[in-house]
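Chain identifiers are assigned alphabetically (A, B, ...) following the order of the sequence lines, protein sequences preceding nucleic acid strands; residue numbering begins at 1 within each chain. Predicted, not measured: the structure shown is a model, and the values here were computed from it.
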Amino acid sequence: MTPQGSATNMATAYDPKLVESKWYAYWMEQGFSQADSASGKKPFTIVIPPPNVTGQLHMGHALDNAIQDILIRWRRMSGDDALWVPGTDHAGIATQAKLEEEIAKEGLTRHDLGREGFLARVWDWKEQYGSRIVEQLRMMGASCDWSRERFTLDEGCSKAVRESFVRYYERGLIYRGTYIVNWCPHCMTVISDIEVDHEERAGRLYYIKYPLASGNGFITVATTRPETMLGDVAVAVHPTDERYRHLIGQEAILPLMERVIPIIADATVDPAFGTGCVKITPGHDPNDFEMGLRHNLPQIAVMAKDATMNENAGIYQGMERMACRARILQDLQEQGLMDKIEEHHHSVGTCSRCDAVIEPLVSEQWFVKMKPLAEPAIAAVREGRLRFVPERYGRTYLNWMENIRDWCISRQLWWGHRIPAWTCPEGHRTVAIEDPACCSTCGSTQLTQDPDVLDTWFSSALWPFSTLGWPETTPDLKRYFPTDVLVTGYDIISFWVARMIFSSLEFMGREPFHTVVIHGMVRDTQGRKMSKSLNNGIDPADIVAGYGADALRFMLIHGSAPGNDMSFQQERLEQARNFANKIWNASRFVLMNLEGYQPGPPLDSSAQLTLPDRWILSRLNKVTTSVQEALERYDFGEALGTLYDFLWDEFCDWYIELVKPRLQPKAVDPDPQTSEEAAADLRLAQGVLATVLRTTLELLHPFMPFISEEIWQHLPKGEASRSIMITDWPKTNATLIDNAAERNMTALMEGIRSIRNLRGEMNVPHGRKIILQILPASPEGRTLAEEAKPLLQRLANASEVTMISEAEVPAKALTIALSNLTIYLPLAEMIDIPQEIARLAKELAALEEEIARLESRLQNEGFLSKAPQAVVEQERVKLADYLSKKQTLVARQQQLS
RNA sequence: GGGCGGGUGGCUCAGCGGUAGAGCACCUGAUUCACAUUCAGGGGGUCGUUGGUUCGAAUCCAAUCUCGCCCACCA
């Protein structure tokens, strides 16, 4: 596609806009992201957490999808048949609410359009927004299998929903019941417990006097919601509360309603709260509802579904709940029944969707019985068949599962999966997968389908298998289920992850995936959650446009710890862009210097490698191992950090600088042997550069797919391969690991840094070349010195590096002591001997301190016997190193004095 | 009330048992030779506090302060 070749056509700065869309189109056109069930490879499957079809993707999605794409690309390169199933969620309440807002602008309500008409509008809307999400995913480089894209409300998912509903129903796990539920008066639907947010709010505790029926005084109750008193059916006290024992069994008169209600005893009453007497309103309080059942009390609803007072509210009928409260307080005040009012903080349930205050009320709804489903789902995690990463989120899951209550699944909405239950005029219920023609009990053909739809999460709970074809036993289902990894944020562990787990265990008989990778939330600069109301949300597409998809992905992954929140910051984006630019320019450098290079067999240790070659290849192979291991731990930040450090600090700042002289065209040497050697060395240097760059790009590809592809395509390749995306994942070559080379390079780098420092201290002008004289202290030192010569020339800006003997050590020179050689800088005219002695003394003092520390440690019996052998050895080596440096410095000091 | 997480250089955050790290910011210097989206160097932290375990603790344990999140039917 792109011609291989020189870097002459590469701009000096990386411009993601010029490459990203090109490569994405190429990948898709070539079908690289499509799973191949005929491949015979091991399948590796991820299903996307389907984004709400009406929304657009935000930074949280960008992180979520970056992680999934990293895993998918890594596994694909590693030889798996990688399948990433994309799709979207119909998001019942959210979407319906949005559409209702839309049509409200036209002055319409959904009732004006009718069910059919309204749904037609929602589908139009869905088409428009669903494609926006797909577009965003493509922009970010997501290598999904678009041929398998799904929607929670498509035909297949709908079949799965019906199948599962009927199976649950037949097993008695779905039932219809009349309970107190969370009613959102704004969305006009019931919502499940986890869709209720609890907000701590400042409120008041009202103490209200209820006259005793006997006429002997009052019983005073405390309540935060006086308007519900209209539905009171009893007053309760603790059975052992001495203050009120005598009143148990008596009656009180409910003020305003003048209803006679019993005074009962119940152990759940807290004698220490308020007066110790509590009003009981089973129709509007979950606690009271339970107590009502225990004591056979009636339920009186005094509020309508829109949270206005109903016909049971007497003279308050028709009032809005807060207005009613004010009026009731006033009336009680006037009747002298208001005892006192206290400030009181308490938590108020609000609708997670619209923020309206939830009204608990009694209503007939569909529920899923959770206990039998929770049990195996708990065991799956307990017994390790399913693992959370990081582990702590397993506890979040278990905590929720173990305290689970039945799941209210019906919603009074239109947008969603309609409940497959019908009733005939006789009141018989028929629940069936296919729309029934007649009543299963009496045969009546006059059937009415339940008008309600299912909770959105009911269909998302089936996602890992409904997307693969269930309830049909499709080839995809057989091959790709169970999936492998699920990637999502901790905020939907209970909403979604938990429900997928029990649904899968129920219908598939096994876990839907073996690992759940949980990531944190992306917050704004000030650490706040990104939200519409704060208007601090960021569209990933804007970031892609400004910095490129690779930079966005880098920013989201680099420097973050698994499962932790991260804040979005401009500077981090700049760091990411700079890194991309660094890769670009390092690659330009390499490509500019590959002229005449033909890739041969892979490099091995038999080649005439120089010290820097051996060092960088050793480091490369260690990096390959680290990246592999970090990915296996799902520690993406660590993996990317390793690559960043290696590429920038080691490859660019050291290796490339060291290799430069070998690449420079030399004047034709008359000696054919020398020129042949130089040519061979040039080829070798080119080979190392190309190998290190290419391997690093391959390791980087899952994280930064676009730039890695662009450059990789420019590199000369032995065998033809069409894309970095489908090339083999790098393997560690243990024969290239060379610890001696790493030690020597480390020493040399230390020497170079010291020389640079001394040049600075002595104010040696940058342009000025210096002379270096090296005194080896051992045969190894001599070898190292020989190898170091050209390197010192280059990186310490030395005109001449000579080997000297003990006798030749100059007096007017600065001293740098390394472990097995000493470097002298003979800067005769600049050196003040007493000053140099002082400098050496200072260095010596620091060294002594270290030596003392190491010696005392190595004399410590406890350390020697209990510390790991490797640590002890490491300390010994360090001490020996310090001692030899000390010896050099002491000798030098004496020499100069 | 329970559970979880954070408190590390000016800022944002890694590290989580072997002598404190990065990016940004700051200071000094460099630059026709891949890159100023750069390079070389520098200053700056008793790792919230107090105890304990350990040969050794930012890292493990306990307590405590502080910030944040999640769960819970506090009328």
Side-chain angles (χ1 to χ4, degrees), chain A residues 7 10 12-14 180 193-194 198 205-206 221-225 228 236 268-270 272-275 277-281 285-291 344-347 349 360 390 392-393 395-396 399-400 403 405 490-491 493-494 520-521 525 527 529 547 551 558-561 563-567 569-572 574-593 637-638 641 644-645 649 652-653 656-657 660 664 752-753 756-757 759-761 763 765-767 795 849-850 853-854 857 860-868 870-872 874-875 878:
Chain A
M10 290 172 74
T12 57
Y14 175 58
I180 192 144
D193 295 334
I194 46 177
H198 295 275
L205 191 59
Y206 304 92
V221 300
T223 180
T224 54
R225 301 202 54 199
T228 64
T268 62
V269 177
D270 176 6
F273 188 90
T275 57
C277 307
V278 58
K279 63 193 255 330
I280 302 303
T281 324
D285 183 280
N287 232 347
D288 295 0
F289 177 82
E290 295 295 328
M291 202 186 289
H344 180 66
H345 280 267
H346 63 127
S347 85
R392 65 173 185 271
Y393 289 112
R395 283 197 287 279
T396 303
N399 191 38
W400 188 73
N403 297 295
R405 302 201 303 166
Y490 60 70
D491 54 335
I493 290 174
S494 42
M521 303 291 117
T525 320
K529 209 167 177 170
Y547 294 86
H558 185 250
S560 65
N564 282 10
D565 287 355
M566 59 173 323
S567 55
Q569 272 170 284
Q570 197 72 21
E571 307 89 73
R572 309 207 325 122
E574 274 154 26
Q575 178 190 11
R577 182 207 45 199
N578 294 354
F579 181 53
N581 194 243
K582 191 72 184 176
I583 299 167
W584 181 255
N585 276 292
S587 305
R588 274 181 68 221
F589 173 83
V590 173
L591 289 163
M592 280 155 88
N593 286 287
E638 172 73 20
Y644 177 88
D645 293 344
D649 298 342
C652 291
D653 288 349
I656 285 185
E657 291 311 317
K660 278 177 178 172
Q664 261 137 41
I752 289 169
R753 281 195 199 98
R756 284 170 175 167
N757 278 334
R759 289 183 65 121
E761 273 174 48
N763 291 315
H766 277 80
L795 294 190
E849 224 172 282
E850 288 304 298
R853 232 198 66 245
L854 284 172
R857 176 176 289 192
N860 182 329
E861 264 317 307
F863 177 71
L864 293 176
S865 58
K866 289 177 186 163
V871 175
V872 175
Q874 189 187 307
E875 301 292 76
K878 232 185 280 178

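- If you check the side chains of A/N860 and A/R857, you find no donor sitting under 3.5 Å from an acceptor.
- Summarising the geometry, the separation between CH2 on A/W400 and C1' on B/C70 is reported as 13 Å, rounded to the nearest angstrom.
- When both pairing distances are held under 3.5 Å, B/U38 makes a Watson-Crick or G-U pair with B/A30.
- Between A/F589 and A/I656 there is a side-chain heavy-atom pair separated by less than 4.5 Å.
- Note: CD (A/E574) to P (B/U12) measures 17 Å, nearest angstrom.
- Spacing between atom CG of A/D649 and atom C1' of B/G23 amounts to 12 Å, rounded to whole angstrom units.
- The interatomic distance linking A/D645 (CG) with B/G21 (P) rounds to 13 Å, in whole Å.
- Between A/K878 and A/E875 there is a salt bridge, since a side-chain N of the basic residue sits under 4.0 Å from a carboxylate O of the acidic one.
- By the neighbour-count criterion of 12 heavy atoms within 6.0 Å, atom CD of A/Q874 is densely surrounded, having more than that number from other residues, nucleotides or ligands.
- As judged by a 4.0 angstrom heavy-atom cut-off over every strand, A/E850 is placed among the base-contacting residues.
- Regarding A/I583, its CD1 atom lies at a distance of 13 Å from the P atom of B/U38, rounded to whole Å.
- The distance between atom CZ of A/R759 and atom P of B/U28, rounded to the nearest whole Å, is 21 Å.
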